[in-house]
2 protein chains.
Amino acid sequence: MQLKLKRDMSRKKAILRAATAFFSQKGFSETSMSELSKITGVAGGTIFYHFKNKEELFLAVLENVKADIIEEFGRYFGEKKFENGMEMMEGVILFYLYLAVTMEDHFLLLHRHYPYKLAETNPVCRGHLEAIYNCLADIFEQAILTGQKDGSIGDVNPRKTALIIFSMIDGIARFKTYNLYDAAALCNDVIAACRRMLERRVTPPACPAMPQT
Amino acid sequence: MQLKLKRDMSRKKAILRAATAFFSQKGFSETSMSELSKITGVAGGTIFYHFKNKEELFLAVLENVKADIIEEFGRYFGEKKFENGMEMMEGVILFYLYLAVTMEDHFLLLHRHYPYKLAETNPVCRGHLEAIYNCLADIFEQAILTGQKDGSIGDVNPRKTALIIFSMIDGIARFKTYNLYDAAALCNDVIAACRRMLERRVTPPACPAMPQT
DNA sequence: CTCTAAACTGATTGGTCACTCAGTCAGTTT
DNA sequence: AAACTGACTGAGTGACCAATCAGTTTAGAG
C-alpha cells in the first residue's frame with residue numbers, strides 16, 4: 001500500500017512539476033497535454049485521470065506557485081531580523097529579486113497573461129492571484145509602517161507607496177525575464193532609489209545660515 | 001485608380017486594425033485567422049494575400065504599434081514645453097499613463113509574452129521592440145539629464161535611474177490592465193514618489209545649529 | 001469594348017489538439 | 001480464490017486551424 005501511494009504521488013507530482021515548467025516557459029495554449037505526457041513518461045490518459053482537464057491542471061499549478069511564494073517569504077521573515085523599517089524594505093526588495101531568479105518559473109507564470117484572463121471568469125484562479133498579490137503588497141506595506149514607527153521612513157501613504165514600490169520591483173524582475181535589461185546591474189540603484197523615495201526629510205527650518213531656495 | 005487603391009488600403013488596414021485588437025486582447029495563438037477574416041468581412045484567403053502568414057501579420061501589427069507610440073511621444077514633445085527637468089519627468093509619466101489608457105491595445109500587446117519570445121529568433125521583431133524600448137528609456141533619461149543641468153534633479157545615474165522609473169511606470173500600467181490595482185488612484189503618489197526619488201538633496205553641512213545625525 | 005493584372009474567394013488539405021473510453025493490471029479485501 | 005478497487009493505458013474522435021490554390025471578380029489602361 002505504501003508503495004502504491006508513493007507511486008501515485010510521484011506520478012502526479014511529476015506531472016505537476018513538468019506542467020509548471022511548461023505553462024511558465026511556453027504558456028497555456030502552447031503547452032500540449034500529449035507533450036506533457038511524453039516528457040513525464042506517462043500515457044496520455046493518465047494526466048486526465050489525475051486532473052479533470054487542462055484548466056484544472058493549470059489551477060493546480062497556480063495553487064502550488066501561491067503556496068511556494070508565500071512559504072518562501074514566511075521562511076525569510078522567520079530567519080531574518082531587521083534593524084529598522086528601511087533595512088526591512090531593502091531586505092524585501094533584494095529577496096524579491098533573488099526569488100525572481102531562483103524561482104524563475106513561478107514568477108514567469110505570474111508575468112503571463114493567461115492567469116489574469118482566467119481570473120476574470122474563474123473565482124478559484126482569482127483567489128490564488130489575490131492571495132499572492134495581497135501577501136506581497138502587505139509585506140512592502142509592513143516595511144513602510146515599521147519604518148514610519150522607528151523613524152527610518154518618512155511620511156508617505158503606506159499602502160499606495162507599497163504598491164508603487166512593488167510594481168517597480170516587479171517591473172524590474174519582468175524586464176529581466178524578457179532579457180530587456182539586467183536586473184543585477186540595476187540592483188544597487190534600485191535600492192538607492194527606494195531609500196531616496198522613502199527616507200525621512202529633515203527640513204532645516206531653524207537654520208539661519210541656510211536660507212531656503 | 002484612386003478608388004482601387006482606396007479599396008485595397010481599406011481592406012488591408014481593416015485587417016491590420018482587427019489583428020491589433022485580437023493579438024492584444026486574445027494573444028497570438030488564440031487569434032484565429034478565420035475568425036479574423038469573419039470579423040473583417042473578408043474571405044479566408046484574402047488575409048494571406050496581403051500577409052504571407054500569421055507571423056508576418058503580427059510583425060506588421062508590431063510595426064504599427066512602434067510607429068504609433070513613437071509618433072505620439074514625438075507629438076507630445078512638439079507641443080509641450082517644460083520649466084525644468086523635473087517638470088518634464090512629471091509630464092512624461094502622466095503622458096505615459098495616459099497613453100496606456102487611450103492606446104490600451106498597443107500597450108497590452110507589449111505586455112504579452114509572444115513578442116519577446118519571437119524576438120529571440122526573429123531579428124525584425126527584436127528591432128521593433130528595441131526601437132520602442134530605447135525610445136521610451138531615452139525619454140526618461142533625457143528628462144533626468146535636463147533636470148541635472150538645471151538643478152531640479154539631483155546626482156543620480158541618468159540611464160539606470162531612467163530604467164528604474166520606466167519599469168516603475170510600466171509596472172503600474174501593467175497592474176492596471178490586469179485589473180489588479182487602479183493606476184488613476186496611484187497617479188499622484190507615483191509623481192510624489194518620483195519627485196522624492198529624484199530631487200536634489202540640500203545637505204546642510206555648514207550649519208552649526210543643525211548637527212548631523 | 002478588350003485586355004491585363006491585381007484583388008479576392010472559399011473549398012480543401014494536412015496536421016494538431018484536448019479529451020474520451022473501453023479495457024488492462026497490480027494490489028487489497030472478503 | 002473470487003470480487004473489487006484505483007491507477008494507468010493508448011487508440012480513437014471530433015473540432016479547429018494555418019495555409020494553399022485554382023478559379024472568379026474588379027478596375028483601370030489602351
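Letters go in sequence order (proteins before strands), and every chain restarts at 1. Just so you know, these numbers come straight off a predicted model, no measurement behind them.
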Let me know the distance between [atom1] of [X] and [atom2] of [N], rounded to the nearest Å.
{"X": "F23(A)", "N": "dA18(C)", "atom1": "CZ", "atom2": "C1'", "value": "12 Å"}
{"X": "K38(B)", "N": "dT9(C)", "atom1": "NZ", "atom2": "C1'", "value": "15 Å"}
{"X": "K12(A)", "N": "dC8(D)", "atom1": "NZ", "atom2": "C1'", "value": "14 Å"}
{"X": "L36(A)", "N": "dC17(C)", "atom1": "CG", "atom2": "C1'", "value": "13 Å"}
{"X": "F48(B)", "N": "dA11(C)", "atom1": "CZ", "atom2": "P", "value": "16 Å"}
{"X": "N53(A)", "N": "dA18(C)", "atom1": "CG", "atom2": "C1'", "value": "9 Å"}

Under 3.5 Å on both distances, the Watson-Crick or G-U partner of dA2(D):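 Check on dA2(D): paired to dT29(C), both distances under 3.5 Å.
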Applying salt bridge (charged side-chain N to carboxylate O under 4.0 Å, His left out), can you list everything that pairs with E199(B), at least two apart in sequence or on another chain?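 E199(B) satisfies salt bridge (charged side-chain N to carboxylate O under 4.0 Å, His left out) with R201(A) once adjacent residues are dropped.
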Which residue pairs pass the ring pair (Phe, Tyr, Trp, His ring centres under 6.0 Å) test with at least one member in residues 179-200 of chain A, sequence neighbours excluded?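 The answer is F175(A)-Y181(A).
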The criterion is ring-ring contact (aromatic ring centres under 6.0 Å, His included); which residues satisfy it with F95(B), sequence neighbours excluded?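 F95(B) satisfies ring-ring contact (aromatic ring centres under 6.0 Å, His included) with F73(B), Y76(B), Y98(B) only.
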Do any side-chain nitrogens or oxygens of H50(A) fall under 4.0 Å of OP1 or OP2 in dG6(D)?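 For H50(A), the contact criterion (side-chain N or O under 4.0 Å from OP1 or OP2 of dG6(D)) is not met.
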Which residue pairs pass the salt bridge (Lys or Arg N to Asp or Glu O under 4.0 Å) test when at least one of the two sits in residues 163-186 of chain A, sequence neighbours left out?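 Listed once each, the pairs are D170(A)-R174(B), R174(A)-D170(B).
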Could you check whether H50(A) and K12(A), counting side-chain N and O atoms only, form a donor-acceptor pair closer than 3.5 Å?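 No, no side-chain donor-acceptor contact under 3.5 Å.
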Do D105(A) and Q25(A) have side-chain N/O donor and acceptor atoms under 3.5 Å apart?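 Q25(A) and D105(A) do have a side-chain donor-acceptor pair below 3.5 Å.
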Nucleotides 9-13 of chain D: which of its N/O atoms have a protein N/O under 3.5 Å away?
unit_1	atom_1	unit_2	atom_2	d
dT9(D)	OP2	A43(A)	N	2.9
dT9(D)	OP2	T46(A)	OG1	2.3
dG10(D)	N7	G45(A)	N	3.3

Protein N or O to nucleotides 15-17 of chain D N or O, pairs below 3.5 Å:
none

Residue list, side chain to side chain donor-acceptor pair (under 3.5 Å) with E87(B), at least two apart or on another chain: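 With neighbours one apart ignored, the set is R195(B).
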Can you list the residues that meet the side chain to side chain donor-acceptor pair (under 3.5 Å) rule with Y178(B), with sequence neighbours excluded?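 By the side chain to side chain donor-acceptor pair (under 3.5 Å) rule, Y178(B) matches H113(A).
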With R159(B), which residues qualify under side-chain contact (heavy atoms from CB on, under 4.5 Å), at least two apart?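 Applying side-chain contact (heavy atoms from CB on, under 4.5 Å) to R159(B) gives N134(B), A137(B), D138(B), E141(B), N157(B).
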